[in-house]
Amino acid sequence: MHSISAAAPGKMILFGEHAVVYGRPAIAAPVLQLEARVSVSANHAGRATRILAPDIGLDAELNELDEQHPLAAAIRLVCAVLEVMRLPPCTVKISSSIPVASGLGSGAAVSVALLRALPAFLGHPLPESEVCKLAYEIEKIHHGTPSGIDNTVITYARPVYFIKNEKRGNSIEPLAVGRSFTIVIGDTGIASPTALAVGEVRKAWQTDPTHFEALFDSAGAIAQSARHAIENGAIELLGPLMDANHGALRKMGVACNELDLLVSAARRAGAWGAKLSGAGRGGNMIALCAAEEAEGIAQALRSAGAARAIITTVQENRPER
Ligand code: PMV
């Protein structure tokens, strides 16, 4: 049976979440241990286009899904781009190890995997630049006003330094990593929709713009310093920068007891620094540590209540400029 499968990794924000919405820089990196996978296979049983996503209990035909459903929108976008009037009978199966609404890029990873698998199934694989661009369009359905950082990190599976700029276009630079470093991700297990946290920060910013602009400036300066430390392989500088970034995020009001608890547990277990990662109010935190300490820190996070802990590495790399 004709069948094509494609995958895409998860992502984590290392520095600068929330402040990035207000034009300050942010740094994100892929999480290769997590993956969304989409397989498309010819369906000889007669059903038109069947969408199967067992993780979220979805088994439907394409025309049963709402126009705005991100999966339906992605499939229709592929058809429009490739000028396919009618899909051959097929089953699109989605599986993912990336927790939903937890800041690890589950939505963008599914989009990227689908934008790779379906066009390839139709005999017209898309170039990566097109995959990234179309994934951004689908991100808009998920989040309304996405920064574009998720689809970029996930499509190219490499760290980026990102500055949002609506007028002149976003600046997205591949980030050189002078020396590999180890991150332990701890999941509070609390789903936290990004749009909600972003909306709360906006309200607070409108109430007290001077205070919030200063917090965003501080997070932006931290991301800038972190960029130099990462490029130069000065990993020891990143721990205090993570702690400082977590402090600024707490003042923005996006931490919660569960995140603070995991951040403290990681530091007590020997992490060099720790912070929430992503929208906050739940979701995930990250801790920087020596590779040989990672297993112990993951264990400490589980003991402190983490729904799960994942050890990942940001690999040394020197992208071409
Ligand atoms: O989607 P998440 O949970 O990784 O968070 C996104 C980061 C924010 O800065 C809060 C929002 C954004 O669009 O950049």
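Numbering of ligands and ligand atoms starts at 1, following listing order. Index from 1, following the sequence.
When each atom of ligand 1 is checked for a heavy atom of Gly103 under 4.0 Å away, the hits are 2 (P), 3 (O), 4 (O). Close approach of ligand 1 to Val20 is summarised as follows: ligand atoms under 4.0 Å from at least one heavy atom of the residue are 9 (O), 14 (O). The His18 neighbourhood of ligand 1 comprises atoms 8 (C), 9 (O), 10 (C), with distances under 4.0 Å to a heavy atom of that residue. Heavy-atom proximity to Ser147, at under 4.0 Å, picks out these atoms of ligand 1: 12 (C), 13 (O), 14 (O).
The side chain of Ile13, and not its backbone, has at least one atom closer than 4.0 Å to an atom of ligand 1 (non-hydrogen atoms only; side chain from C-beta on). Neither the backbone nor the side chain of Lys164 has any atom closer than 4.0 Å to an atom of ligand 1 (non-hydrogen atoms only).
Look at Arg227 and Glu231 and you find a salt bridge, because one of the NZ, NE, NH1 or NH2 atoms lies within 4.0 Å of a carboxylate O, short of that distance. Using a cut-off of 4.0 Å between Lys/Arg side-chain N and Asp/Glu carboxylate O, Asp243 and Lys275 are scored as not salt-bridged. Look at Glu17 and Arg24 and you find no salt bridge, because none of the NZ, NE, NH1 or NH2 atoms lies under 4.0 Å from a carboxylate O.
Inclusion of Lys11 in the set of residues having an N or O under 3.5 Å from an N or O of ligand 1 is warranted.
Side-chain atoms of Ser97 come within 3.5 Å of backbone atoms of Glu35 as a donor-acceptor pair (strictly under, hydrogens ignored). Without hydrogens or angle criteria, His18 side chain to Leu249 main chain gives no donor-acceptor distance under 3.5 Å. In this structure, Asn232 contributes its side chain and Gly178 its backbone to no donor-acceptor pair below 3.5 Å. Checked by atom type and distance alone, the side chain of Arg116 pairs as donor or acceptor with a backbone atom of Ala7 at under 3.5 Å.
For atom 5 (O) of ligand 1, the nearest protein heavy atom (residue, atom name, distance) is Ala279 N, 3.3 Å.
Of the candidates Leu276, Ile149, Thr194, Thr194 brings a heavy atom nearest to atom 1 (O) of ligand 1.
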